[in-house]
Protein chains: 2
Amino acid sequence: MTSKKIGTLAPMETLSMTDRVENILRDYFTENKFKPGDALPNELDMAKELNVSRNVVREALSRLRMLGMIEARPRKGMIMAQPDLFTGMEKVLNPFILGQNSLNEIFELRLIMEMGISEFLFARKTDQDLTALEAIVANQKDPVLASKEEEVAFHGKLYEMTGNETFKRFQTLLMPIFDHVFTEYSNKKTFVETSNPVTHYDLFLFLKNGTPDEFRKGMQRHLAVYFPVTETS
Amino acid sequence: MTSKKIGTLAPMETLSMTDRVENILRDYFTENKFKPGDALPNELDMAKELNVSRNVVREALSRLRMLGMIEARPRKGMIMAQPDLFTGMEKVLNPFILGQNSLNEIFELRLIMEMGISEFLFARKTDQDLTALEAIVANQKDPVLASKEEEVAFHGKLYEMTGNETFKRFQTLLMPIFDHVFTEYSNKKTFVETSNPVTHYDLFLFLKNGTPDEFRKGMQRHLAVYFPVTETS
DNA sequence: ATTTATACATTTGTCCTACAAATAAAATTA
DNA sequence: TAATTTTATTTGTAGGACAAATGTATAAAT
């Protein structure tokens, strides 16, 4: 196997000490099945063990602390913590930094999710939820053009009704991106006024009295303008 | 308004200098609309400007570097970079650290996404994709019990066929969690053998010759055992 | 002997200084 | 002008120092 192929040649990015220590620490936690609450060695011991300066260890630990992976109690030591899945993602969600392609793909993610929640909504909806949802759609004057507040409240409530906190948090984080891409849509494309648009109120009725299928079809028509063109409409 | 309410009393977590500098820097980038490629001030200037030590600045920068937000070229300076959305998330995806509740919710996320991709699959499927997918299902001996490799390959290919790189990457990251939760399912619950399960091959046929609705219904039955119980099945 | 007071050890957070390495820019020389 | 040398710049890494505060061990007092 003396092939000339030595990789893509690009990824020969020499990692810094900090990068390596960060990886080593994460691997160490995983291999030793560290669980929230478990105590970590102190910084100096780590530095000596790894033959690096305390600075390097602290930079690596600082990263893990930011992610919520570990917690440092001054003068007491560090312990493992329960990280939130999206803490890291939240910090890079900046439309000016993210590429346009990423932004568009995130927007598509929304379409996918809102088409997929139907079963969960019907499985977990409560009368209380429906009442709250009705209040949201009732606050709306113009039945066609929803206000931004109402738009956010309505769709947000749907995510909340899935009973999946992670899912809801994901949506809340992505919301600014949705809005950003939506604004671009509004500016660039001349909107094709659909003949009989499905309003939030229609969706509410589907959710209250209809079936998962009816609701999903309604949602699809509600979001129709954003979908890619399909042969079999 | 001289109420006695002074907050929840809990969130009085005094931020460290590093935490604050990290926030200040991110805000600074956002407010000044920093874009990938833009040059950053050097560390010493930042430290002087913010009245903190270079160590603190470096710890904060180290975090942003980890997220891919900035890039440091030794001896040349730092520039803004294009972060990957999920870099931070990837590092905390550790079943031993994440809570069981999070794990279950992530698993539900998968169900939601796979129910929602139908329209995208039909809008973007190519003959090449279908050929590749057919090869995957053809490799399978037992039509009912899919091997783990085939399972991963089939569902992974579906995500890939949406043409949404972000979506596909998300799924790849979450895969170990899916697998982890799935294993728990297998151990705890005695599986209810569905009378006529929908196989991957069935799904392939729906995707090739059917409609988005047919495919989605098939997918729902394929994943039925994992769904929450719905009144209107 | 029990309680109280004191001293000590521990550990993170922050600051400081120093220097290597390597590149780009500037200055010098041919 | 061209080639060479010098210098300045900036990140990466090392190492020392100390404050603060907490828990623990030690000493003192009743």
Side-chain angles (χ1 to χ4, degrees), chain A residues 10-26 28-29 32 34 36-83 87, chain B residues 9-26 28-29 34 36-83 87:
Chain A
M12 182 46 207
E13 35 178 321
T14 172
L15 295 180
S16 70
M17 284 295 175
T18 302
D19 290 333
R20 285 196 272 176
V21 169
E22 183 213 318
N23 291 334
I24 288 170
L25 288 179
R26 284 210 324 279
Y28 172 72
F29 297 149
N32 293 79
F34 266 61
D38 290 353
L40 269 58
N42 70 48
E43 297 173 350
L44 271 175
D45 286 350
M46 289 181 179
K48 267 187 290 187
E49 181 76 26
L50 299 173
N51 259 304
V52 293
S53 74
R54 193 179 155 218
N55 277 350
V56 167
V57 171
R58 274 191 64 83
E59 285 192 17
L61 289 171
S62 182
R63 296 173 174 187
L64 304 185
R65 221 169 344 168
M66 175 192 65
L67 296 177
M69 225 172 158
I70 66 179
E71 226 167 77
R73 286 101 38 95
R75 301 165 283 294
K76 297 184 75 177
M78 294 174 291
I79 58 170
M80 222 60 196
Q82 279 226 356
T87 303
Chain B
L9 204 51
M12 182 48 210
E13 35 177 321
T14 171
L15 295 179
S16 69
M17 284 295 174
T18 302
D19 290 332
R20 285 196 272 176
V21 169
E22 184 213 317
N23 291 334
I24 287 171
L25 288 180
R26 282 209 325 278
Y28 172 72
F29 297 149
F34 266 61
D38 291 353
L40 269 58
N42 71 47
E43 297 173 350
L44 272 174
D45 286 349
M46 289 182 179
K48 268 186 290 185
E49 182 76 26
L50 298 173
N51 260 304
V52 294
S53 73
R54 192 178 156 216
N55 276 1
V56 168
V57 172
R58 273 190 66 82
E59 284 193 19
L61 289 171
S62 181
R63 295 174 174 187
L64 304 185
R65 218 168 339 160
M66 175 191 63
L67 296 177
M69 225 172 157
I70 65 179
E71 226 168 77
R73 286 98 42 93
R75 300 164 286 291
K76 296 184 76 178
M78 294 176 291
I79 57 171
M80 222 60 196
Q82 279 227 355
T87 304

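Letters A, B, ... mirror the listed sequences (proteins, then strands); counts begin at 1. Excluded from the calculations below are hydrogen atoms, water molecules and symmetry mates; all remaining heavy atoms, backbone and side chain alike, are included.
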Heavy-atom distance under 4.5 Å between the side chains of B:T18 and A:R65, does that happen here?
no
Can you find a heavy atom in the side chain of B:L15 that is under 4.5 Å from one in the side chain of B:N23?
yes
Is it the case that atom CD in A:E71 sees more than 12 heavy atoms from other parts of the structure closer than 6.0 Å?
no
Spacing of A:E43 atom CD relative to D:dG16 atom P, expressed in whole Å:
16 Å
Got a salt bridge between A:E22 and A:R26, using NZ or NE/NH1/NH2 to carboxylate O under 4.0 Å?
yes
When the distance from CG of B:N42 to C1' of D:dT9 is rounded to whole Å, what number comes out?
9 Å
Would you say the side chain of B:E43 lies within less than 4.5 Å of the side chain of B:M78, judging by non-hydrogen atoms?
yes
Is any side-chain heavy atom of B:R63 less than 4.5 Å from a side-chain heavy atom of B:D19?
yes
Atom pairs under 3.5 Å: protein N/O with N/O of nucleotides 17-20 of chain D:
unit_1: D:dA17; atom_1: N6; unit_2: A:R54; atom_2: NH1; d: 3.3

Between atom CZ in B:R58 and atom P in D:dT10, what is the gap in whole Å?
14 Å
Here the distance between atom P of D:dT9 and atom CE of B:M78, to the nearest Å, is 16 Å
Whole Å only: how far is the CG atom of A:L44 from the C1' atom of D:dA14?
13 Å
Start and end of the DNA chain C segment that chain A contacts, any atom under 4.0 Å from a heavy atom:
C:dT11 to C:dT14
With DNA chain D as reference, determine whether A:D19 or B:G77 sits nearer its 5' end, using the nearest nucleotide of each.
B:G77
Can you confirm whether A:L61 sits close enough to A:M46 that some side-chain heavy atom of one is under 4.5 Å from a side-chain heavy atom of the other?
yes
Nearest whole angstrom, please: distance from the P of D:dG12 to the CG of A:L15.
12 Å
Under 4.0 angstrom, heavy atoms only, what part of the nucleic acid is B:D45 near: base, sugar-phosphate, or nothing?
nothing
Rounded to whole Å, CG of B:L40 lies from P of D:dT9 at a distance of 19 Å
Length of the CD-P vector between B:E71 and D:dT10, whole Å
18 Å
Distance, nearest 0.5 Å, that separates CG of B:N51 from CD of B:E49:
8.5 Å
Are any non-hydrogen side-chain atoms of B:T87 and B:L67 less than 4.5 angstrom apart?
no
Sugar-phosphate only, base, or nothing, as touched by A:N55 at under 4.0 Å among non-hydrogen atoms
base
